[in-house]
Amino acid sequence: QVQLVESGGGLVQAGGSLRLSCAASGRTFSRKSMGWFRQAPGKEREFVAVSNGNGLSTLYADSVKGRFTVARDESRNEVYLQMDNMKPEDSAVYFCALRDKESGSAWYWLPRDYDYWGQGTQVTVSS
């Protein structure tokens, strides 16, 4: 049974930082894409960042580029999202997701491309 568990969400002031963690169990994510998405009230789930299957490359949404950093630790089966210089518009529930197929250097940024999801962690940025 695959389980993804996010942690690290909370309330932060604009300009502040948070670090989200996602721990995977039941499946290794070696050579697989791990993505971060977010969903604000009344909006669709949107792509934030992905660490692709080769474990070396990352891709970011334009809205977070230069402020957010995704990293993975395959020895711990964990992926992280470091969020700096946060803005009120970053407020949302953040989800990590696993695409359970080896993906090499290909990019996957659509929610339908992912097979497993965490339960989400709330991030609120106050102005």
Side-chain angles (χ1 to χ4, degrees):
Q1 181 180 354
V2 178
Q3 192 172 22
L4 303 177
V5 179
E6 302 98 338
S7 60
L11 174 64
V12 64
Q13 287 189 329
S17 298
L18 282 176
R19 184 178 186 245
L20 305 183
S21 299
C22 173
S25 60
R27 187 82 87 250
T28 177
F29 58 78
S30 178
R31 297 186 298 277
K32 299 172 184 175
S33 292
M34 291 292 295
W36 285 97
F37 294 79
R38 66 187 182 187
Q39 188 166 18
K43 294 189 176 182
E44 293 188 352
R45 191 167 297 190
E46 66 172 2
F47 167 75
V48 175
V50 59
S51 170
N52 80 353
N54 67 16
L56 301 175
S57 300
T58 55
L59 183 71
Y60 299 92
D62 287 345
S63 59
V64 307
K65 199 174 297 182
R67 301 187 298 118
F68 290 11
T69 304
V70 61
R72 62 202 290 162
D73 184 340
E74 294 192 352
S75 67
R76 299 173 63 92
N77 230 28
E78 293 184 350
V79 64
Y80 311 101
L81 185 67
Q82 176 67 40
M83 304 184 292
D84 298 316
N85 190 22
M86 297 185 71
K87 304 176 180 180
E89 51 264 43
D90 294 323
S91 297
V93 177
Y94 283 70
F95 300 89
C96 66
L98 166 67
R99 176 178 167 85
D100 197 22
K101 305 173 185 65
E102 294 191 10
S103 50
S105 58
W107 295 112
Y108 297 94
W109 61 83
L110 296 174
R112 65 170 183 255
D113 291 329
Y114 289 81
D115 303 294
Y116 298 100
W117 293 81
Q119 82 289 351
T121 185
Q122 178 70 49
V123 170
T124 304
V125 184
S126 62
S127 57

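In the hydrophobic cluster analysis, where Ile, Leu, Val, Met, Phe, Trp and Tyr join through side-chain heavy atoms closer than 4.5 angstrom, F47 is grouped together with W107. In terms of hydrophobic clustering, with Ile, Leu, Val, Met, Phe, Trp and Tyr side chains grouped at heavy-atom distances under 4.5 Å, M34 and F95 are assigned to different clusters. W109 and V64 end up in different hydrophobic clusters when Ile, Leu, Val, Met, Phe, Trp and Tyr side chains are linked at under 4.5 Å. V5 and V123 fall into different hydrophobic clusters, where Ile, Leu, Val, Met, Phe, Trp and Tyr are joined by side-chain heavy atoms under 4.5 Å apart, directly or via other members.
Here the shortest heavy-atom pairing between L81 and A49 reads CD1-CB, 4.2 Å. Considering every non-hydrogen atom in both S127 and A14, the closest pair reads CA-CB, 4.3 Å. Across all their heavy atoms, M86 and L18 have their closest contact at SD-N, 3.8 Å. Residues L4 and C22 share a closest heavy-atom pair of CB-SG, 4.1 Å.
In the model, Q82 has no side-chain atom that pairs as donor or acceptor with a side-chain atom of Y80 under 3.5 Å.
For an aromatic pair to be called close, the ring centres must be under 6.0 Å apart, and W117 with F37 satisfies this.
In this structure, CG in D84 is found 9.0 Å from CZ in R67, a value given to the nearest 0.5 Å. To the nearest 0.5 Å, atom OG of residue S51 and atom CG of residue L59 are 10.5 Å apart. Remark: S7 OG to R19 CZ distance equals 9.0 Å, nearest 0.5 Å. To the nearest 0.5 Å, the span separating CZ on F68 from OG1 on T58 amounts to 13.5 Å. Atom OG of residue S21 and atom CD of residue E78 lie 6.0 Å apart, to the nearest 0.5 angstrom.
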Might you work through the side-chain contact (heavy atoms from CB on, under 4.5 Å) test for R38 and S63, ending with a clear yes or no? CA-CA 12 Å; R38 66 187 182 187; S63 59; 3.4 Å; yes
Steps toward salt bridge (charged side-chain N to carboxylate O under 4.0 Å, His left out) verdict (K87, D90): CA-CA 5 Å; K87 304 176 180 180; D90 294 323; over 6 Å; no
Under the side-chain contact (heavy atoms from CB on, under 4.5 Å) criterion, do V125 and M83 qualify, and how do the steps go? CA-CA 11 Å; V125 184; M83 304 184 292; over 6 Å; no
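When atom types are taken as modelled, the side chain of R27 and the backbone of V2 share no donor-acceptor pair closer than 3.5 angstrom.
A cation-pi geometry, defined here as NZ or CZ lying under 6.0 Å from the six-membered ring centre and within 45° of its normal, does not hold between R72 and F29.
The salt bridge (charged side-chain N to carboxylate O under 4.0 Å, His left out) with D115 is formed by just one residue from the set K32, R99, K101; it is K101.
Proximity of W36 to V79: side-chain heavy atoms (C-beta onward) are separated by under 4.5 Å at one or more points. Side-chain contact between V50 and V70 is absent, with no heavy-atom pair separated by less than 4.5 Å. Taking 4.5 Å as the limit, every side-chain heavy atom of E6 sits out of range of all side-chain heavy atoms of Y94. Looking at S33 and Y114, their side chains come closer than 4.5 Å, going by heavy atoms from C-beta outward. Side-chain contact between N52 and Y108 is absent, with no heavy atoms from C-beta onward closer than 4.5 Å.
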